[in-house]
Amino acid sequence: MISIPAHTLNDGTALPALGLGTWPMDDAEAEQAVRGALETGYRLVDSAVNYRNETGVGLGITRSGVPREEIVVTTKLPGRHHGYEETLASFEESRRRLGLDYVDLYLIHWPLPRVDRYADSWRAMIKLREDGLVRSIGVSNFTAGHIERLEKETGVLPSVNQIELHPLFPQEELRRFHAAKGIVVESWSPLGRGSGLLADPAVTAVARAHGVTPAQAVLRWHTQLGAVPIPKSSDPERQRANLDVFGFELDGAELAAIGGGARRRLGGDPEVHEEF
Ligand SMILES: NC(=O)c1ccc[n+]([C@@H]2O[C@H](COP(=O)([O-])OP(=O)(O)OC[C@H]3O[C@@H](n4cnc5c(N)ncnc54)[C@H](OP(=O)(O)O)[C@@H]3O)[C@@H](O)[C@H]2O)c1
């Protein structure tokens, strides 16, 4: 079994340095993929209400036989449930579907600034953490401005911001902000899903030099930046390879070569993207 390093979050809890993404798995696929991944050594799993696979993720966890306390289970609040009471109710539904006593990491999926209720949701998440139902609270797709507002209104910073991050969209400025605030960045679409990134000559050259796959080179790039990638794979062999990225080191020139490509967003812009 592969064992992986961990970050210590600003609330004192541990976050594995790499995890498993589960979108767009359905319940049946998620159960199998999560169970297999946990057996391989994954200890961080990423789900969301809007993936509609929390039930499968929960079954994968309980049927894996891996002690619950070793696993960091993540789920996310959807846009349609923003608001204080709505967040508390939505969380309870998530917890029920997952079949767990507590959730390790609970994130606001998107800020929806035009709806303007994310700060109310944040207050509810603080309460959930105080009540011991959630270990760590964070956000996803938040800009520096959104996070500064949470800090100003509540005095509580997120532990994690899960953002689109990959070599085509390296987000230097936002990463600097997070480093200064002590917030760990998780990278979604870390392999640049569907973009051709893994066939990029800069990536394949670095991979060849280390005798690893292009995906492993890209995932190592993330971990050396201090970001936590959550690659999705339903394939046991790719899951294993994606986790096995801590036995080699890229030098500065290789990190720059991998991250030096086009600045290209694959997903939505948090200032305007609306997902309910
Ligand atoms: N917070 C957000 O708004 C947000 C948005 C998007 C995604 N996410 C999260 O981030 C996770 C990852 O992002 P993503 O799924 O968009 O993209 P990704 O992880 O960059 O790419 C996933 C794709 O790459 C393939 N793949 C995986 N490992 C591979 C390897 N070693 N070699 C070649 N292909 C490989 C997978 O296919 P196989 O399954 O066949 O291996 C899948 O088609 C999601 O699952 C989700 O949990 C969050």
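Nothing fancy with the numbering, it's 1 onward along the sequence. Ligands are counted one by one from 1 in listed order, and the atoms in each one are counted from 1 as well. Treat the numbers as computed from the prediction; the structure is a model and nothing was measured.
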| So, are R123 and E153 salt-bridged, with charged N and O less than 4.0 Å apart? | yes
| Which residues share a ring pair (Phe, Tyr, Trp, His ring centres under 6.0 Å) with Y118, sequence neighbours left out | F142, H146
One pair per line, please: each N/O atom of ligand 1 matched with every protein N/O atom under 3.5 Å away, atom names first, then the distance to 0.1 Å.
from	atom 1	to	atom 2	distance (Å)
ligand 1	1 (N)	S140	OG	2.9
ligand 1	1 (N)	Q162	OE1	2.9
ligand 1	3 (O)	H109	NE2	3.4
ligand 1	3 (O)	N141	ND2	2.9
ligand 1	8 (N)	Y51	OH	3.3
ligand 1	13 (O)	S189	N	3.0
ligand 1	16 (O)	S189	OG	2.7
ligand 1	16 (O)	R193	NE	2.4
ligand 1	16 (O)	R193	NH2	3.0
ligand 1	19 (O)	K232	N	3.0
ligand 1	20 (O)	P190	N	3.3
ligand 1	20 (O)	L191	N	2.8
ligand 1	20 (O)	G192	N	3.4
ligand 1	20 (O)	R193	N	3.3
ligand 1	28 (N)	N242	ND2	3.0
ligand 1	31 (N)	N242	OD1	2.9
ligand 1	39 (O)	K232	NZ	2.6
ligand 1	39 (O)	S234	N	2.9
ligand 1	40 (O)	R238	NH2	2.6
ligand 1	41 (O)	S233	OG	2.6
ligand 1	41 (O)	R238	NE	2.7
ligand 1	41 (O)	R238	NH2	3.0
ligand 1	45 (O)	T22	N	3.3
ligand 1	45 (O)	W23	N	3.0
ligand 1	45 (O)	W23	O	3.0
ligand 1	47 (O)	T22	N	3.3
ligand 1	47 (O)	D46	OD2	2.7

| Does any non-hydrogen side-chain atom of E271 lie less than 4.5 Å from one of T143? | yes
| task | Name all pairs fulfilling the ring-ring contact (aromatic ring centres under 6.0 Å, His included) condition that reach into residues 167-198, sequence neighbours left out, sorted by first residue then second. | result | none
Please list every donor-acceptor pair under 3.5 Å in which a side-chain atom of residues 201-219 meets a protein atom from a residue at least two apart or in another chain.
from	atom 1	to	atom 2	distance (Å)
T204	OG1	D200	O	3.3
T204	OG1	P201	O	3.1
H210	NE2	E254	OE1	2.9
H210	NE2	E254	OE2	3.0
T213	OG1	Q216	N	3.1
T213	OG1	Q216	OE1	3.4
Q216	OE1	T213	N	2.9
Q216	NE2	A241	O	3.1
Q216	NE2	D244	O	3.4

| request: Identify whether the distance between the nearest side-chain nitrogen and carboxylate oxygen of R35 and E39 falls below 4.0 Å. | output: yes
